[in-house]
Protein chains: 2
Amino acid sequence: MPRTTDGDGTPVPQRLLAAATRLFAEQGYDRTSVQEIVEAAGVTKGALYHYFGSKDDLLHEVYARVLRLQQERLDTFANADEPVEKRLRDAAADVVVTTIENLDDAMIFFRSMHHLSPEKNKQVRAERRRYHERFRALIEEGQKAGVFSTATPADLVVDYHFGSVHHLSTWYRPDGPLGPQEVADHLADLLLRALRP
Amino acid sequence: MPRTTDGDGTPVPQRLLAAATRLFAEQGYDRTSVQEIVEAAGVTKGALYHYFGSKDDLLHEVYARVLRLQQERLDTFANADEPVEKRLRDAAADVVVTTIENLDDAMIFFRSMHHLSPEKNKQVRAERRRYHERFRALIEEGQKAGVFSTATPADLVVDYHFGSVHHLSTWYRPDGPLGPQEVADHLADLLLRALRP
DNA sequence: TTACACATACCGACTGGTTAGTCTGTCCCG
DNA sequence: CGGGACAGACTAACCAGTCGGTATGTGTAA
């Protein structure tokens, strides 16, 4: 029997990633020692450095996972066979829901970018830009079609919306009065209302 | 002659605070060593610990300064003798301008909250809430007066706007195409448009 | 079927480097 | 001459990453 799943059934690399995600979100990247991570995952340093090249690598994995997920979802909504208003609203609301459902990831994402090595940072920024562009294209499409106001540059509108998404990890509490879908509907509403011609 | 102003004319405590602000924004709190700060300020550790109790204290001072400034400005705009739409627009635009003009402060503010000691963190949160409440009151006033839509709870609207303010330090570049006032006008526009009944 | 080689999956003591904060002492001013 | 304003060496703690070692499974050849 390989030790890869010793104890519970989850493979060691995933246990490490999960522990790191939680600890990075709770205490920040720099305040979390590798020792804490391996203890939380029930292994030792040997295991961590067997699967990951560095502590930095672990952080990078978190980013890769989030980016992949969000890009996939955006593409699905953006390419749907629906009027552009609905596609934008659905995409805008969805990113809110998935962000709330992975608040730890979101916290890390926006708070720890600068802890990545310059090289990995660049890579993440590039992927992030792709996401941004796709979202912007959606808005520009609506503007050209005349269903969205052109008063504000599409770029700024995207940053406006993602600012609020970013901010979620600061104020949203699962035990608060609003569920993820409710918040998402409200925020998508605000976006669409701001875009009314 | 006291050494307090040795070299240039700026007093040592302020030189330290300025150096710390810049370095915290550039590299993050944890990645900035006390040694770097004192070197940048042209003094030694003795001087720093003569004026500040800890590295944490230095960070706290940055927060206190930002909060004081923003609260003052908000109060001025919110209590002006103008219709509520104008007061909200002015306040919303002003916070964008002052944030852009102090991007370093903003960067630190939103990225380093969790580095403060629990006690100081609580204090900052409390002051921040006061600010938030004042802003919310403005929106609720407009909603009651019927000039703003009541479709979205005022709380959420505030978070929506401050999310975008928060986000500024991530994407705004002084050498970009838009000046501070232009960005502020656009963002205030988006807020007011979203609030149209 | 057994025996041996080899790889994978880890363990945990150790190292080299860094850091916040302390403390003793010096210098100048009133 | 007393005290505020520093200087700078020192300490105690911590931490990322390394490395030699061990255990377990797998392929293969006699």
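Numbered from 1 within each chain, the chains take letters A, B, ... in sequence-line order.
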Can a salt bridge be assigned to the pair [X] and [Y] using a cut-off of 4.0 Å between side-chain N and carboxylate O?
X: A:Glu127; Y: A:Arg68; result: no
X: A:Arg136; Y: A:Glu133; result: yes
X: B:Asp185; Y: B:Arg89; result: no
X: A:Arg22; Y: A:Glu26; result: yes

Distance-only polar pair, side chains of A:Asn102 and A:Arg65, donor-acceptor under 3.5 Å
no
Donor on one side chain, acceptor on other, A:Gln70 and A:Thr98, under 3.5 Å:
yes
Which one, C:dC10, D:dG17, D:dA7, comes nearest to the side chain of B:Val43?
D:dA7
Presence of A:His50 side-chain N/O under 4.0 Å of C:dC10 phosphate oxygens OP1/OP2:
no
For D:dA7, does the base pair up with any side-chain atom of B:Lys45 as donor and acceptor (N or O, under 3.5 Å, distance only)?
no
Write down the protein N/O and nucleotide N/O pairs, taken from nucleotides 11-13 of chain D, whose separation is under 3.5 Å; answer none if there are no such pairs.
none

Under 6.0 Å from the six-membered ring centre of A:Tyr49 and within 45° of its axis: does the NZ or CZ of A:Lys55 meet both?
no
Rounded to whole angstrom units, what separation is found between the [atom1] atom of [X] and the [atom2] atom of [N]?
X: B:Leu48; N: C:dT19; atom1: CG; atom2: P; result: 15 Å
X: A:Leu58; N: D:dG17; atom1: CG; atom2: P; result: 10 Å
X: B:Tyr51; N: C:dT22; atom1: OH; atom2: C1'; result: 18 Å
X: B:Leu16; N: D:dA5; atom1: CG; atom2: P; result: 13 Å

For DNA chain D, what residues of residues 23-37 of chain A have any heavy atom nearer than 4.0 Å?
A:Thr32, A:Ser33, A:Val34
5' precedence on DNA chain D between A:Tyr49 and B:Gly46 (nearest-nucleotide basis):
B:Gly46
Among all residues two or more places apart in sequence or in another chain, which pass the side chain to side chain donor-acceptor pair (under 3.5 Å) test with B:Gln14?
none
